[in-house]
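To keep things clear, I will list the structure first and then write my remarks on it.
Order of appearance sets the numbers: ligands from 1, and atoms from 1 within every ligand. Here the structure is a predicted model, which means the values were calculated and not measured.
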Amino acid sequence: KFQLNQYTADCMVGQGAFGKVYRAKDSSGNLVAIKIYNKQQLRHRWIGKAKTALFAVKCEIEIMEKLEHPNVLQLYEVIENDVCNKIYMILEFAPGGTLNEISPMEEKEALYYFKQLILGLEYLHEKALVVHRDIKPQNLLLDEHNNLKISDFGSAQEMANGRDEFSNSAGTWAFMAPELHGGNGSFKGRPVDIWAVGVTLFYMLEGKTPFNGRRLIDLYEAVKNQEVVVPEKYNDDLKDLILKMLNKDPDQRASIEQIKSHPWVKLV
Ligand code: ADP
Ligand code: MG
Ligand code: MG
């Protein structure tokens, strides 16, 4: 339990790589989440050759400050305390937990969440010009009305001047597109998110990722060379959509537009 300005935190609701997340109430009694980073620790953690974790957190905040969409977790306020060396992100609270916790689920339910994921991602890619780069069920939160909220922009990047190209890969192994594995070239951002959305949809339905390996190198091999096997019980539309999102070739992979008009989704 702790007090921070108008916020009273009561319990921890999540633990990430660098920060802890607490549930808190503001002075009117509304619930919020507080994600806490320790600046001193972040300064000493290196991610990549030239970047510290502190730099990454600054990017996470700078990006989130620009975002506003019903399917993107809202950042309300950032509080920095240089005496105790902490950064506090005051976020919309998501009482429904993560999509990970309710997978596997029925196809109808998966479609309900998938549509919201696509609308949130469309906003990020086309309006905000941000690629998320760590889409996975643990980073998709649910509010009290079962609305999906894309969260955790710790790996996100802006597509400055519309340039959709990156040279440093990020993300979670089982959700990373084949072009990221062992790659040291440059790759496009949007298709990387689409791949992760494909793996996420598979996970929602099956409770496991489509590609697996005992060692990291076995996972790479599967992601790069194995065709995804969608269980027979699913209808042809759903199978077709998963195959299109998990196309090994990023240039051939489904676009948001194609996903929205796909017969399984029918968002347009
Ligand atoms: P990390 O970058 O370390 O993965 P996240 O932002 O993903 O940190 O937060 C870690 C976990 O904390 C999430 O997977 C989720 O379980 C929980 N969490 C994060 N934000 C919220 C929130 N706004 N409401 C409820 N739980 C949250
Ligand atoms: Mg996370
Ligand atoms: Mg993160």
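- Salt bridge R190/E126: present, at least one basic N to carboxylate O contact under 4.0 Å.
- For K115, the salt bridge (Lys or Arg N to Asp or Glu O under 4.0 Å) test picks out no residue, with sequence neighbours left out.
- Using modelled atom types, no side-chain atom of H132 and backbone atom of I150 make a donor-acceptor pair closer than 3.5 Å.
- Side-chain contact between E92 and Y76 is present, with heavy atoms from C-beta onward closer than 4.5 Å.
- Side-chain atoms of K224 do not come within 3.5 Å of backbone N or O of K248 as any donor-acceptor pair.
- Each salt bridge (charged side-chain N to carboxylate O under 4.0 Å, His left out) pair with one or both residues in residues 59-82, not counting sequence neighbours, appears once here: K35-E60, K39-E80, K39-D82, K66-E158.
- Both tests hold for R133 against F166: distance to the six-membered ring centre under 6.0 Å, angle to the ring axis within 45°.
- Excluding waters, the set of protein N/O/S atoms under 2.8 Å from the Mg ion (ligand 2) reads N139 OD1, D152 OD2.
- At a cut-off of 3.5 Å, with distance as the only test, a side-chain donor of T172 or K136 sits close to an acceptor on the other residue.
- Note: W195 and F211 meet the aromatic proximity criterion, with ring centroids under 6.0 Å apart.
- Contact residues for ligand 1 (protein heavy atom closer than 4.0 angstrom to any ligand atom): V13, G14, G16, A17, V21, A33, K35, L73, E92, F93, A94, T98, Q138, N139, L141, D152.
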